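Read the structure below first, then the notes.
Sequence lines set the chain letters: A, B, ... in the order given, protein chains first and strands last, and positions in each chain run from 1. All of these numbers come straight from a predicted model, not from anything done at the bench.
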Number of protein chains: 2
Amino acid sequence: MSSKYVPMFTSSEENYLKAIYHLEIGVDKGVSTNAIAEKLVTKASSVTDMVKKLSEKELIIYKKYQGVTLTNFGKKIASSIVRKHRLWEVFLVEKLNFSWDEVHDVAEQLEHIKSPKLINQLDIFLGFPSQDPHGDPIPDKDGNLKVVEKSLLSTLLKNESGICVGVNDSSSEFLQFLDKKGITLGKQIKVLEKENFDGSLFISIDQKKLSISNKIANNLYIQKQ
Amino acid sequence: MSSKYVPMFTSSEENYLKAIYHLEIGVDKGVSTNAIAEKLVTKASSVTDMVKKLSEKELIIYKKYQGVTLTNFGKKIASSIVRKHRLWEVFLVEKLNFSWDEVHDVAEQLEHIKSPKLINQLDIFLGFPSQDPHGDPIPDKDGNLKVVEKSLLSTLLKNESGICVGVNDSSSEFLQFLDKKGITLGKQIKVLEKENFDGSLFISIDQKKLSISNKIANNLYIQKQ
DNA sequence: ACATATTTTTAGATAAGACTAAAAAATATA
DNA sequence: TATATTTTTTAGTCTTATCTAAAAATATGT
């Protein structure tokens, strides 16, 4: 029955690596203890402990009070977790009829399943998707991301338009809001008016016109046309 | 990021419940501490600890030195784990091209994923299968099993035949042996000769004839014709 | 620059789940 | 039935991953 499986890394270790992976994007200095604690909803002291362990395992570079950086090894592991997370999200939406606001928590569990064959076959089964249901890129086996040119909707000027290609915030509240407004990936959005006062936009999508706040426009990615 | 999910039961608790569930089949007294320890490849003292905890949670009935029995509640949880395990096995074989000897360890991990929607949708996606790739029944949502009439191949007499419907041993060694001999679920097997001396059988399957040991015949289920 | 505030680390505690060794209970055997 | 053997439980230890509270280091403001 229980053929004891010794995983390379615990789920907790993987979660720390993933958090650091996300936090170090577009930043050139080390990721701070507090930033990790906040992302993982834990205490700074717990982070210090774990960070020492990950450092001993050569997954991150850590010097006291200096924040941390992933090593190449650490990056490899972290991106493999992100890859699994996003492939599972595609599976849930495409095959099991989940909506894009329901997939996160389940994928958060599925990403820790240890089986190289499983994830390879899942990739094949899904037809080698390059993006998850929120438009985020799926790392390939080597951890490489297909970079897609994208801008925040808020950067569009009056009368410019773009295709909706992703979200900056994937909270279910935001995603459900988008659903309600009929805003989904692939839709064309044109900026009809721009309010200088509050940064809100009056846009057209499909045949409809609606106005959206600056906060929304700052959390929607479009591909400029 | 980490929306902390508090699972009803830990993976460890679930594994104990599942072990007890399997061990109490066809037995009318309590399952012994040692039996559980052996099944889970752990120590009797660890079992005693866990058994106390499960008892406090009203999942099992436990009195010192008396062995344990699942309560209805415990049975419900245990069968839901078995249900998940077997549905995942079907998924792996039918959709991801796993062979029947490769699915166990992965399903052992997947069975602990917490998401009622996930397992419901998986069930739908797979077309409500009633058996896993080894011919074992998949409990329905209420824990009920569709009982299938089956006998050990070793109980067939000379010139009787049956359809292969399951295995008693699902170790990968045994399953790979069956693959090698072309014995898969659904195949018709006829007993041409029976050796009294060692209980070995000379059988026909497809167009081929082969002899198999008593041990094999004691681990293959057939449906008599 | 230096006092204050913030961040990070240390020290010590806790809970879960496992282990070993020894004690206690139950079962088997002579 | 008395003794031996096996099974089960208890007691105490260990590891992982947390936590709180306090100390140390770094950063900030005037």
Side-chain angles (χ1 to χ4, degrees), chain A residues 1-20 23-24 27-57 59-69 77 81 108-109 112 114, chain B residues 1-20 23-24 27-57 59-69 77 81 108-109 112 114:
Chain A
M1 171 163 227
S2 90
S3 35
K4 290 206 176 168
Y5 188 89
V6 182
M8 264 235 267
F9 302 107
T10 65
S11 291
S12 186
E13 288 170 332
E14 290 183 349
N15 284 336
Y16 274 89
L17 292 174
K18 188 170 55 126
I20 297 165
L23 288 167
E24 80 179 3
V27 179
D28 48 358
K29 40 180 187 159
V31 176
S32 78
T33 302
N34 259 5
I36 299 170
E38 192 184 4
K39 183 146 233 176
L40 294 177
V41 192
T42 186
K43 303 294 169 187
S45 55
S46 308
V47 174
T48 302
D49 284 348
M50 181 58 92
V51 133
K52 283 176 180 168
K53 189 161 59 136
L54 296 176
S55 173
E56 267 164 33
K57 295 189 178 183
L59 290 156
I60 60 176
I61 306 289
Y62 165 65
K63 282 208 207 83
K64 279 188 192 175
Y65 300 100
Q66 308 269 132
V68 303
T69 331
I77 303 300
I81 308 299
E108 204 79 349
Q109 298 177 66
H112 300 295
K114 268 83 179 172
Chain B
M1 172 162 227
S2 89
S3 34
K4 287 205 175 168
Y5 190 90
V6 181
M8 264 236 268
F9 302 107
T10 65
S11 292
S12 185
E13 288 170 331
E14 290 183 349
N15 285 335
Y16 275 90
L17 292 174
K18 188 170 54 128
I20 297 165
L23 287 167
E24 79 179 6
V27 180
D28 49 357
K29 39 179 187 157
V31 177
S32 77
T33 302
N34 260 4
I36 299 169
E38 192 182 4
K39 183 146 235 177
L40 293 178
V41 194
T42 186
K43 304 294 169 185
S45 55
S46 309
V47 175
T48 302
D49 285 349
M50 181 58 93
V51 133
K52 284 177 181 168
K53 188 161 59 141
L54 296 176
S55 174
E56 268 163 32
K57 296 189 177 183
L59 290 156
I60 60 176
I61 306 288
Y62 165 65
K63 282 208 206 82
K64 279 188 193 177
Y65 300 101
Q66 307 268 134
V68 302
T69 331
I77 305 298
I81 308 298
E108 205 78 352
Q109 299 177 64
H112 300 296
K114 269 83 181 171

For atom NZ of A/K57, is the number of surrounding heavy atoms from other residues, nucleotides or ligands below 6.0 Å larger than 12? yes

With the side chain defined as heavy atoms from C-beta on, B/K43 is closest, among D/dT8, C/dC19, C/dA18, to C/dC19

Does C/dA18 have its OP1 or OP2 closer than 4.0 Å to a side-chain nitrogen or oxygen of B/S12? yes

For the pair made of CG in A/N34 and P in C/dA5, what is the distance, rounded to whole Å? 18 Å

Phosphate-side-chain proximity, A/Y16 and D/dT18, N/O vs OP1/OP2 below 4.0 Å: yes

Tell me whether the count of non-hydrogen atoms from other residues, nucleotides or ligands lying under 6.0 Å of CD in B/E13 goes above 12. yes

Over how many whole Å does the gap from B/K63 atom NZ to D/dT9 atom P extend? 13 Å

Tell me if a side-chain donor or acceptor on A/Q66 pairs with a main-chain N or O of A/G30 at a distance below 3.5 Å. no

To the nearest 0.5 angstrom, please state how far the CG atom of A/L54 sits from the CD1 atom of A/I61. 12.0 Å

Gap between atoms CG and C1', on B/D49 and C/dA18 respectively (whole Å): 8 Å

Could you check how far CG of A/L54 sits from C1' of D/dT16, rounded to whole Å? 13 Å

Check whether any side-chain N or O of B/T48 sits under 4.0 Å from OP1 or OP2 of D/dT9, and answer yes or no. yes

Please determine if a side-chain N or O atom of A/S32 lies less than 4.0 Å away from the OP1 or OP2 oxygen of C/dT7. no

Taking all heavy atoms of A/A44 and all of A/N34, pick out the closest pair and write down the distance. CB-OD1, 3.7 Å

Answer with yes or no whether A/S45 presents, from its side chain, a donor or acceptor under 3.5 Å of a partner atom in the base of D/dT18. no

Of the listed nucleotides (D/dT10, C/dT8, D/dT9), which one gets closest to any side-chain atom of B/K52? D/dT10

Answer yes or no: is there a donor N or O on one side and an acceptor on the other, between the side chain of A/E24 and the main chain of A/T69, under 3.5 Å? no

What is the separation between atom CD1 on A/I36 and atom C1' on D/dT18, rounded to the nearest whole Å? 16 Å

Calculate the interatomic distance between A/M50 atom CE and D/dT15 atom C1'; express it in whole Å. 12 Å

Where do N or O atoms of nucleotides 25-28 of chain D meet protein N or O atoms at under 3.5 Å, pair by pair?
| from | atom 1 | to | atom 2 | distance (Å) |
| --- | --- | --- | --- | --- |
| D/dA25 | O4' | A/Y65 | OH | 3.3 |

Identified side-chain hydrogen bond (donor to acceptor under 3.5 Å, both in side chains) partner of B/N15 from the options B/E108, B/K39, B/H112: B/H112

Using a 4.0 Å heavy-atom cut-off across all strands, classify A/T33 as base, sugar-phosphate, or nothing. sugar-phosphate

Return the value, rounded to whole Å, for the distance between atom CD of A/E38 and atom C1' of C/dT8. 15 Å

